[in-house]
Number of protein chains: 4
Amino acid sequence: MLDAAVRTFGRRGYRAASMEEIAELAGVSKPLVYLYLHSKEELFSACIRREAAALTAAVRAGAGAPGPGVPVERRLWEGLTAFFAHTADHPDGWAVLHRQARTHGEPFAAEVAALREEIVAYVTSLIGAAAREVHRDPGLADGDVAGLAHALVGAAESLADWANATPGVDAREAAATLMRLAWSGLGDLARGEGWSPGAV
Amino acid sequence: MLDAAVRTFGRRGYRAASMEEIAELAGVSKPLVYLYLHSKEELFSACIRREAAALTAAVRAGAGAPGPGVPVERRLWEGLTAFFAHTADHPDGWAVLHRQARTHGEPFAAEVAALREEIVAYVTSLIGAAAREVHRDPGLADGDVAGLAHALVGAAESLADWANATPGVDAREAAATLMRLAWSGLGDLARGEGWSPGAV
Amino acid sequence: MLDAAVRTFGRRGYRAASMEEIAELAGVSKPLVYLYLHSKEELFSACIRREAAALTAAVRAGAGAPGPGVPVERRLWEGLTAFFAHTADHPDGWAVLHRQARTHGEPFAAEVAALREEIVAYVTSLIGAAAREVHRDPGLADGDVAGLAHALVGAAESLADWANATPGVDAREAAATLMRLAWSGLGDLARGEGWSPGAV
Amino acid sequence: MLDAAVRTFGRRGYRAASMEEIAELAGVSKPLVYLYLHSKEELFSACIRREAAALTAAVRAGAGAPGPGVPVERRLWEGLTAFFAHTADHPDGWAVLHRQARTHGEPFAAEVAALREEIVAYVTSLIGAAAREVHRDPGLADGDVAGLAHALVGAAESLADWANATPGVDAREAAATLMRLAWSGLGDLARGEGWSPGAV
DNA sequence: AATGAATGAGCATTCATTCAT
DNA sequence: AATGAATGAATGCTCATTCAT
């Protein structure tokens, strides 16, 4: 039933999706949908939560647990690959999270913002760990890292759309593109040699 | 009248915005809106076009014209600053472009996709110019650059939202964050020294 | 201006015709139409009156004045021919009278009913005169004649539509058809030999 | 529900009738009307079809089946009586067919034109049968008969309105009027003695 | 004498939601 | 446990009509 909802919401959008269509696609009657998921809002929230959980689980599973012999570079790379693989495999869920949930008012925007913050926090911790690998006491302020994490997440989101729309670009390719763009800059920052506007 | 429409569409979304509300906010009657802007679809399209034009104009004006004494680094930095300044100054217009237009079906998605491609092409050309400054014959395939440009644009979009939502982060700060993340990696790529998955 | 109205009303119908379209077709502005013909209702009434007058004038002119040397048979025949010729030459006016005016409520139905009664009375007088030619004191009750006149008028209306829609049928042919159908019966009645249900 | 629609359409006309009024008269809510009859157009079409079927059924039932001992004169007379009785008993349905359907554009005009052609064909066949009763090989061209049938149908339509509007005129009286007018002429035609314009 | 500009009121249609069963 | 049947409320859109000029 949630499958049908995710598919319909992802393709039609929150407003354009009708409970009728969702119920029909799920092969049940409308009142049944209301029995389990008490309103359109709750149904959409449930979709968001399910897809958010699936996405974070996939990324965490990809990145793996921190450990002595596992460099952060590798964990980041694997996490990104898992992210792109998941979005490619669940285009409707990704559409719900990335496109629909953020555009239809507070109740949902908050839900997806929480997801985003969770991912940003995760990425932030990875960046911090990476920096500590390079330099015992890296000169990275918290505000700086938050911005970097947001930038990384946004870049990943955009690349996900691009990879899905571009034949021949798979998850590894997308992940490599993002690493090529950002890994070097992260290292500079950890060493305190990051770009600064002074030069220009 | 378009102002009212942009504001309403940006906050409510295409479907949830009613012509009634738009007209009321504009201080005119509904039929007048229809007299000038023929239908809800056309009205939304007009909003998209106006905001897209304003945004690209702001970015181009910020980046300035290419010239002998102007390093690309500086043009990129200024263009980004202009972008963040514009999105901060026009949050509803930015919401229409970034959030609403992409989520409400073909007619509008196509319109905003064209805008995005234009910006991506612009960024692509800047990256190419930057690479040529570093190395006469940089080893960057076209596909690589397209990916990089999409990543950069996505990072910028995400940072715009972050900057707008985070007190104390202004356009310069957001631009600096993106430069810090990406400039070093772009330089590596131009020199043929970019990150590669082989290591991990 | 009335021409434009008749044409539009005749083709679109009263409700579907918009004052905008009428004004545009007349080459003037809408307020001017309101200046001269103060509302849609009055405009439609004016159309009805004009077309009714034109039609009755044409029929009367065709039938000619009563006179010693003019048999009523001939006057009826010529009047019918004039009727069919007029309706063929003014299809929009005919549509206004025959189709539109009778279908859109009291104010107009009354107007066209008056026209119809006028024509019925005219035909009634012709039938009476014809009967008197055949028999000094014909046994025709007034009620009988009224019914006959209504039947004749209805037959003529229907034949007008048929003639207009059927290539190769002109006014004389339509008039001859009606005379063939009805002239004999009228003569019988005048002689007191009309059909009666007793037989069946 | 169709009853309410027929009544409203018959009295107000297609455009002036509102779905709201129809629903209210039917004692149900507007969405229910849409649930069963999908649109105003379909609803009107359904009315036309139902009333057309009822009318033709009544006429056919009245005229009865052809048979050896049944003269056509009688079948025509009975069919006409049935027609006038039906139109008197169903004034709104008759208004829908005779007045509204023909004035509101192609989809409906076509529907009622089909009905009319069916009736004209039926009358045509009766006329042919009557002629053959009178004369083995009657000299009636097809085009002639078509015109006669149209004239008869039009006369009947007009008499139906007249009978409904005139107190004291019932179905038998209306039918007799039409027979008196036309039966003699039909007989003449069958014998090849019909009226011709040569005389006048 | 003529109109550009504007609106109040109405209408077809849709959809989230609820009962009675 | 499940639904057929029904509706209140909202929305896009149109049009006869009127001023200010």
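In the text below, chain A, chain B and the rest are named by the order of the sequence lines, each starting its count at 1. What you see is a predicted model, and the numbers here were worked out from it, not measured in a lab.
In this structure, CE of B:Met1 is placed 11 Å from C1' of E:dA6, rounded to the nearest angstrom. In this structure, B:Tyr34 places its OH atom 16 Å from C1' of E:dG8, rounding to the nearest Å. One atom, CZ of D:Arg12, and another, C1' of E:dC11, lie 14 Å apart when rounded to the nearest Å. Summarising the geometry, the separation between CD1 on D:Ile22 and P on E:dC11 is reported as 11 Å, rounded to the nearest angstrom. To the nearest angstrom, P of E:dA12 lies 15 Å from CD of D:Glu42. Straight-line distance from the CG atom of D:Leu37 to the P atom of E:dT14: 13 Å, rounded to whole Å.
Aromatic rings of A:His86 and A:His98 (six-membered ring for Trp) have centroids beyond the 6.0 Å cut-off, not under it.
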What do the steps show when you test A:Arg99 against A:Phe9 for side-chain contact (heavy atoms from CB on, under 4.5 Å), and what is the final call?
-> CA-CA 10 Å; A:Arg99 266 204 271 294; A:Phe9 282 135; over 6 Å; no
Test A:Asn164 against A:Trp94 for side-chain hydrogen bond (donor to acceptor under 3.5 Å, both in side chains), laying out the working first.
-> CA-CA 11 Å; A:Asn164 282 353; A:Trp94 175 236; over 6 Å; no
Which is it for B:Ser45 and B:Arg50 under the side-chain hydrogen bond (donor to acceptor under 3.5 Å, both in side chains) test, yes or no, and what are the steps along the way?
-> CA-CA 9 Å; B:Ser45 273; B:Arg50 198 184 67 158; over 6 Å; no
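Counting only heavy atoms from C-beta outward, the side chains of C:Phe44 and C:Glu111 never approach each other to under 4.5 Å. Put simply, the side chain of A:Val112 reaches to within 4.5 Å of the side chain of A:Leu115, judged on heavy atoms. With a 4.5 Å cut-off on side-chain heavy atoms, B:Glu42 and B:Cys47 do not count as touching.
Of the candidate nucleotides E:dT13, E:dA16, F:dC13, E:dT13 has the atom lying nearest to any side-chain atom of D:Ser39.
Residue order along DNA chain F, read from the 5' end via each residue's closest nucleotide, puts D:Tyr36 first among B:His38 and D:Tyr36.
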Pair assignment for DNA chain E - dot-bracket with | for other-strand partners, Watson-Crick or G-U under 3.5 Å = .||||||||||||||||||||
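Every residue two or more places apart in sequence or in another chain was checked for a side-chain hydrogen bond (donor to acceptor under 3.5 Å, both in side chains) with C:Arg7, and none qualifies.
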Could you go over nucleotides 7-11 of chain F and give all protein N or O partners under 3.5 Å, atom names and distances?
unit_1: F:dT7; atom_1: OP2; unit_2: D:Ser29; atom_2: N; d: 3.0
unit_1: F:dT7; atom_1: OP2; unit_2: D:Ser29; atom_2: OG; d: 2.6
unit_1: F:dT7; atom_1: O5'; unit_2: D:Ser29; atom_2: OG; d: 3.2

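Here the shortest heavy-atom pairing between B:Ile48 and B:Ala101 reads CD1-CB, 3.6 Å.
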